[in-house]
Amino acid sequence: MFNQENLYKSGFNCHLKYLALKEEAKANDIINKLHDKGQLNFMSITQIKNRITRKSNYDSFYKYGESLAEDLKVSQRFGTARSYKGIVSILKTFTKGKDVKFNELNYDFIKKFERYHLAKGNSINSLSVYLRAIKAIYNKGIKAGLVEKEAYPFANYSIRQTPTEKRALKIEEIRKIMELELPKDIVLFRYRNYFICSFLLYGMNFTDMCYLKLENIVDGRIKFRRRKTSKLYDIKITEQLAQILEIYLHGKKKSDYIFPVIKRENPELQEREISWERQRYNRGLKTIGELCGIEQKLTTYVSRHSFATQAMLNNVPLQAISAMLGHSKLNTTQIYLKSLPTTILDDYNQQLISAI
């Protein structure tokens with residue numbers, strides 16, 4: 001007698017077996033690929049399992065980028081988190097809200113985004129910033145096993161960047177800023193002090209300066225780790241630096257910040273306070289430059305570049321300059337020094353001609 005229920009069960013079991021065999025074949029394929037790439041022996045059982053089950057699978061490049069941003073916030077790396085969220089937002093505008101999968105973010109996609117960006121009158125350097133953020137997210141996706149390395153869209157695409165204008169000031173211009181007479185009750189007085197302190201603190205960047213506390217002053221020295229690289233600053237407080245620091249030390253505890261920038265406890269809000277003050281500081285520097293008759297555009301980075309250049313011109317070895325700037329690699333320092341002032345090149349040329 002025909003038993004429809006048994007037939008249904010038999011068919012269902014066959015389908016389950018088919019699905020199981022299909023998943024097993026897929027798992028074997030993943031394991032074989034890991035073996036061929038020489039990665040299998042360096043992975044834990046949990047990592048292999050996650051790779052097979054795609055436990056942390058994000059097909060969407062957007063969702064993965066946003067998840068990385070949230071993780072970075074937990075690690076208090078708010079700057080990089082903003083960069084990742086920012087590029088995802090920009091790409092969403094580019095694709096008119098359409099989601100983008102990892103396999104869709106290919107070479108052609110990058111070229112179309114480049115044309116879109118430049119057609120709006122934006123610069124090559126701003127495009128470079130965005131593409132580096134895309135590249136960073138994609139590389140993390142490869143490491144997480146979300147996409148194959150062979151799909152990497154930057155294998156045949158070079159991120160371009162145009163050289164920025166020279167930022168280093170002459171020592172006479174640094175002296176003009178230092179000696180500029182300003183009333184103590186206006187904000188320009190504080191911004192001038194920020195600039196000179198940065199120069200006297202080995203070109204310390206503005207964010208690191210904002211996080212300096214009185215407890216970082218030990219035995220007449222500033223001892224502080226760079227937030228970006230964890231490299232240790234250990235700087236003797238010179239007479240000029242001591243005169244400026246003294247203005248901001250009165251009535252404060254060891255745990256207080258030296259400069260009046262950070263006022264809140266929440267780390268994310270602290271980053272916003274620094275960002276807002278940096279914008280005001282840059283506007284103030286423009287006015288300071290005009291008061292000093294300096295044609296070079298002044299920004300928070302000019303003091304750092306000026307320190308590096310002046311150190312080089314005073315025959316400080318490259319390795320020492322790198323250590324003073326808190327760089328992890330010498331080639332990073334060389335970027336700061338790639339544009340020698342033309343007057344120095346003229347002097348070198350004159351020395352060669354005189355030797356003839």
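Numbering of residues begins at 1 and proceeds along the displayed sequence.
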Asks: Can you see which heavy atom on Ile262 is nearest to which on Cys210, and at what distance?
Replies: CD1-O, 3.6 Å
Asks: Any salt bridge between Asp256 and Lys253, counting N to O under 4.0 Å?
Replies: yes
Asks: Could you measure the distance from the CG atom of Asp208 to the CG atom of Asn216? Nearest 0.5 Å is fine.
Replies: 10.0 Å
Asks: Report whether Met324 and Leu232 are members of the same hydrophobic cluster (ILVMFWY, side-chain heavy atoms less than 4.5 Å apart, transitive linking).
Replies: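 No, Met324 and Leu232 fall in different hydrophobic clusters.
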Asks: Report yes or no: does Asn122 contribute a side-chain atom to a donor-acceptor pair with the main-chain N or O of Leu118 at less than 3.5 Å?
Replies: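 Side chain of Asn122 to backbone of Leu118: no pair is present.
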Asks: Testing the 3.5 Å rule here: is there a donor-acceptor pair between the side chains of Arg132 and Ser83?
Replies: no
Asks: Could you tell me whether the side chain of Arg190 reaches within less than 4.5 Å of the side chain of Pro260, counting heavy atoms only?
Replies: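 A side-chain contact under 4.5 Å exists here.
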Asks: Rounded to the nearest 0.5 Å, how far does CG of Leu91 lie from CD1 of Ile87?
Replies: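 Answer for the CD1-CG pair, Ile87 versus Leu91, is 4.5 Å.
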Asks: Looking at Glu66 and Lys92, does any basic side-chain N land under 4.0 Å from a carboxylate oxygen?
Replies: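 Lys92 and Glu66: salt-bridged.
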Asks: Should Tyr152 and Lys135 count as side-chain neighbours, where that means a heavy-atom distance under 4.5 Å?
Replies: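 Contact flag for Tyr152/Lys135 side chains = yes.
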Asks: Does the Asn282 side chain pair with the main chain of Gln279, one donor and one acceptor, at a distance under 3.5 Å?
Replies: no
Asks: Is there a side-chain contact between Leu72 and Tyr84 (heavy atoms, below 4.5 Å)?
Replies: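 Yes, at least one pair of side-chain atoms sits under 4.5 Å.
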Asks: Determine whether Tyr301 and Phe206 satisfy the following criterion, side-chain contact (heavy atoms from CB on, under 4.5 Å), listing intermediate values before the conclusion.
Replies: CA-CA 8 Å; Tyr301 291 104; Phe206 184 62; over 6 Å; no
Asks: Search all heavy atoms of Gln270 against all heavy atoms of Arg264 and return the closest pair with its distance.
Replies: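 That would be NE2-O, 2.7 Å.
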Asks: Following the transitive rule for hydrophobic clusters with a side-chain heavy-atom cut-off under 4.5 Å over Ile, Leu, Val, Met, Phe, Trp and Tyr, establish whether Ile247 and Phe259 coincide in one cluster.
Replies: yes
Asks: Is the shortest distance from a Lys or Arg side-chain nitrogen in Glu277 or Arg280 to a carboxylate oxygen in the other one below 4.0 Å?
Replies: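 Yes, Glu277 and Arg280 are salt-bridged.
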Asks: Hey, what's the ring geometry for Tyr194 with Tyr191, parallel, tilted or perpendicular (30° and 60° as the breaks)?
Replies: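 Correct class here is tilted.
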Asks: Nearest 0.5 Å, please: how far is NZ in Lys176 from CD1 in Ile174?
Replies: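 It is 12.0 Å, given to the nearest 0.5 Å.
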Asks: What heavy-atom pair brings Leu200 and Ile235 nearest, and what distance separates the two atoms?
Replies: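 Looking at all heavy atoms of both residues, the closest pair is O-CG2, 4.2 Å.
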Asks: Is it true that Arg160 and Glu114 have a side-chain N and a carboxylate O under 4.0 angstrom from each other?
Replies: yes
Asks: Begin from the C-alpha positions of Ile274 and Tyr211 and carry the test side-chain contact (heavy atoms from CB on, under 4.5 Å) through to its verdict.
Replies: CA-CA 9 Å; Ile274 293 170; Tyr211 280 107; 3.3 Å; yes
Asks: Is there a side-chain contact (heavy atoms from CB on, under 4.5 Å) between Lys85 and Glu70 once you walk through the steps?
Replies: CA-CA 9 Å; Lys85 286 195 74 172; Glu70 292 305 313; 4.3 Å; yes
Asks: Between Arg192 and Leu182, is there a donor-acceptor pair closer than 3.5 Å when you use the side chain of the first and the backbone of the second?
Replies: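 Not a single qualifying donor-acceptor pair exists.
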Asks: Does Leu313 reach the side chain of Gln310, with side-chain heavy atoms less than 4.5 Å apart?
Replies: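 Touching, per the 4.5 Å side-chain cut-off.
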Asks: Quick check: does any side chain N or O of Arg272 sit under 3.5 Å from a backbone N or O of Pro267, one acting as donor and the other as acceptor?
Replies: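 Pair absent, no side-chain N/O of Arg272 close to backbone of Pro267.
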Asks: Can you label the angle between the Tyr157 ring and the Phe154 ring as parallel, tilted or perpendicular, going by 30° and 60°?
Replies: perpendicular
Asks: Taking the six-membered ring for Trp, is the centroid-to-centroid distance between Phe94 and Phe109 below 6.0 Å?
Replies: yes
Asks: Between Lys263 and Glu273, does at least one N-O distance fall below 4.0 Å, as a salt bridge requires?
Replies: no
Asks: Distance-only, no hydrogens or angles: does the Asn314 side chain make a donor-acceptor pair with backbone N or O of Val316 under 3.5 Å?
Replies: no
Asks: To the nearest 0.5 Å, what is the distance between CD1 (Ile258) and CG (Leu249)?
Replies: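 Here the interatomic distance stands at 6.0 Å.
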Asks: Verify the neighbour count for atom CZ of Arg77: are there more than 12 heavy atoms of other residues, nucleotides or ligands below 6.0 Å?
Replies: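 No, the 6.0 Å shell around CZ holds no more than 12 heavy atoms from other groups.
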Asks: Out of Arg221, Arg225, Arg226, which one pairs with Asp234 under the salt bridge (Lys or Arg N to Asp or Glu O under 4.0 Å) rule?
Replies: Arg221
Asks: So does Met204 get a backbone contact from the side chain of Ser198, meaning a donor-acceptor N/O pair under 3.5 Å?
Replies: yes
Asks: Within the distance-only criterion (no hydrogens, no angle test), does the side chain of Thr309 pair as donor or acceptor with the backbone N or O of His305 below 3.5 angstrom?
Replies: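 Flag set: sc Thr309 to bb His305 pair under 3.5 Å.
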Asks: For Asn106 and Pro153, which heavy atoms make the closest approach, and how far apart are they?
Replies: C-CB, 3.6 Å
Asks: Taking the six-membered ring where the residue is Trp, are the ring centres of Tyr257 and Tyr248 under 6.0 Å apart?
Replies: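 No, too far apart.
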Asks: State whether Lys101 and Asp99 are salt-bridged, where the test is any N-O pair (Lys NZ or Arg NE/NH1/NH2 against Asp/Glu carboxylate O) under 4.0 Å.
Replies: yes
Asks: Is the centre of the Tyr64 ring less than 6.0 Å from the centre of the Phe102 ring?
Replies: yes
Asks: Taking the six-membered ring for Trp, are Tyr233 and Tyr202 parallel (under 30°), tilted (30 to 60°) or perpendicular (over 60°)?
Replies: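 Plane angle between 30° and 60°, so tilted.
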Asks: Mind checking whether Phe78 and Leu68 sit in one hydrophobic cluster, side chains of I, L, V, M, F, W, Y counted as touching below 4.5 Å?
Replies: no
Asks: Locate the shortest heavy-atom distance separating Ala308 from Leu325; write the atom from each residue and the value.
Replies: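 Answer, listing the atom of Ala308 first, then Leu325: CB-CD1, 3.9 Å.
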Asks: Stepwise, does the side-chain contact (heavy atoms from CB on, under 4.5 Å) test hold for Ile110 with Leu105?
Replies: CA-CA 7 Å; Ile110 297 294; Leu105 207 157; 3.7 Å; yes
Asks: Strictly distance-based, threshold 3.5 Å: is any side-chain N or O of Ser60 a donor or acceptor partner for the main-chain N or O of Tyr62?
Replies: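 Such a contact is found between Ser60 side chain and Tyr62 backbone.
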Asks: Hey, does Ile237 have a side-chain heavy atom less than 4.5 Å from the side chain of Leu245?
Replies: yes
Asks: On a heavy-atom basis, which atom in Leu241 and which in Leu201 lie closest, and how many Å separate them?
Replies: CD2-CD2, 3.5 Å
Asks: For residues Leu285 and Val187: do they belong to one hydrophobic cluster (side chain heavy atoms under 4.5 Å, members Ile, Leu, Val, Met, Phe, Trp, Tyr)?
Replies: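 Yes: a chain of side-chain contacts under 4.5 Å links Leu285 to Val187.
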Asks: When rounded to the nearest 0.5 angstrom, what distance separates OG1 in Thr300 from CE in Met209?
Replies: 10.0 Å
Asks: Do Ser306 side-chain atoms and Leu169 backbone N/O form a donor-acceptor pair below 3.5 Å?
Replies: yes
Asks: To the nearest 0.5 angstrom, please state how far the CD1 atom of Ile177 sits from the CZ atom of Phe195.
Replies: 4.0 Å
Asks: Is the shortest side-chain heavy-atom distance between Leu212 and Ile217 below 4.5 Å?
Replies: no
Asks: Can you confirm whether more than 12 heavy atoms, excluding those of Asp219, are under 6.0 Å from its CG atom?
Replies: no
Asks: Quick one: do the His117 and Ser123 side chains pair a donor with an acceptor below 3.5 Å?
Replies: no
